[in-house]
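First up is the structure itself, then whatever we jot down about it.
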Amino acid sequence: MRKHIVAGNWKMNKNLQEGIALATELNNILTAEKPNCEVIIGTPFIHLAKVSDVIDHSVIGLAAENCADHASGAYTGEVSAEMVKSTGAEYVILGHSERREYYNETPEVLKEKVDLALANGLKVIFCIGESLAQREANEQEAVCKAELEGSVFHLTAEQWSNIVIAYEPIWAIGTGKTATSEQAQEIHAFIRSCVAEKFGQEAADNTSILYGGSCKGSNAPELFAKADIDGGLIGGASLKAADFKAIIDAWK
Ligand code: PEP
């Protein structure tokens, strides 16, 4: 059956020393009191190798927040999936709405990134979700389905087993405005039905679908209680160990 996951996305926060301190603090907390779910932290590239050394990977998984859409070569400033893997990271977050919006990451580019990540042994946390205008026009299902079809529905069933989906309504990211648990459950169930249509019911039942968007300790229990919500992708509340732990504890 699918895993329950709480994953942090630090975004462009924390210098190296601050990042190591946060990872160390979280590692101390979670090795002393084992979580009831898989925990992952997504850090900037420069933190990966050092953070990898200070965490117990049997308790905390490590994710990059991006990787290049080329395997190697003359792409100044880029970081390849192979390089990410070599740091000790197990995951990469791809398709985040901030990358789609501010860095013009198209479905085609994301498809390349997904393929390279999987080819290099990384698991992918693939983000999808609609804007406020799309939600108001009741287009959330069409948007999510198109984002899946554009970048991850070409995979084989075997490759699919390394994909985690994060449903993140753009209007809820960093805004303090959370989708209600009913709204989130409704679209998570829809996303799972799309996965079932494409890869079969068993694969769909084994797919972890995370909710992201102003998730915190106070709303996580209600969200995670829903049948198709398998955890969260957490931005702001992953930047303090106590806040992140409160969300992890929603699985207790
Ligand atoms: C995110 O960006 O992945 C996110 C969910 O952010 P926040 O929790 O801050 O809304």
Side-chain angles (χ1 to χ4, degrees), residues 4-14 18-19 22 26 37-45 47-48 60-67 89 91-105 110 113-114 117 123-132 134-135 140 143-144 147-148 151-152 163-181 183-185 187-188 191 208-224 226 228-251:
H4 295 156
I5 300 173
V6 173
N9 174 14
W10 291 0
K11 309 193 186 187
M12 198 173 73
N13 293 296
K14 307 282 179 194
E18 290 165 346
L22 175 57
L26 194 65
C37 62
E38 186 170 331
V39 174
I40 301 165
I41 49 177
T43 81
F45 289 132
H47 297 64
L48 290 172
I60 303 178
L62 183 59
E65 299 172 16
N66 184 25
C67 71
Y91 286 89
V92 59
I93 300 168
L94 292 174
H96 194 284
S97 58
E98 289 155 12
R99 302 258 359 139
R100 292 179 192 261
E101 187 180 344
Y102 308 144
Y103 300 96
N104 305 314
E105 293 197 356
L110 290 170
K113 293 187 178 201
V114 167
K123 294 179 190 154
V124 174
I125 301 174
F126 189 74
C127 306
I128 59 176
E130 79 286 354
S131 66
L132 183 58
Q134 289 165 333
R135 166 65 66 165
Q140 61 274 13
V143 169
C144 288
E147 289 182 339
L148 292 169
S151 308
V152 286
I163 301 285
V164 170
I165 297 296
Y167 166 68
E168 301 206 305
I170 298 167
W171 47 273
I173 295 179
T175 59
K177 208 174 163 189
T178 321
T180 65
S181 54
Q183 279 174 322
Q185 166 57 27
I187 188 102
H188 278 231
I191 292 163
S208 298
I209 306 177
L210 315 184
Y211 168 79
S214 299
C215 185
K216 38 191 185 288
S218 56
N219 57 30
E222 188 185 335
L223 286 159
F224 297 176
K226 294 292 181 189
D228 289 289
I229 302 181
D230 306 312
L233 179 56
I234 317 299
S238 71
L239 295 173
K240 284 196 184 133
D243 294 348
F244 195 47
K245 170 76 165 34
I247 299 172
I248 293 165
D249 284 347
W251 285 117

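Indexing begins at 1, ligand by ligand and atom by atom, following the structure's order.
Protein residues lining ligand 1, listed by chain and number: Asn9, Lys11, His96, Glu168, Ala172, Ile173, Gly174, Gly212, Gly213, Ser214, Leu233, Ile234, Gly235, Gly236 [non-hydrogen atoms, distance under 4.0 Å].
Side-chain atoms of Tyr211 come within 3.5 Å of backbone N or O of Gly213 as a donor-acceptor pair. Distance alone, capped at 3.5 Å, is enough to place a donor-acceptor pair between the Gln185 side chain and the Asp228 backbone. Using modelled atom types, no side-chain atom of His4 and backbone atom of Cys37 make a donor-acceptor pair closer than 3.5 Å.
Checking Glu168 against His96 by side-chain atom types alone, a donor-acceptor pair falls below 3.5 Å.
Here the straight-line distance linking atom CD1 of Ile173 with atom CG of Leu233 works out to 8.0 Å at 0.5 Å rounding.
The side chain to side chain donor-acceptor pair (under 3.5 Å) search around Glu98 returns Lys11, not counting sequence neighbours.
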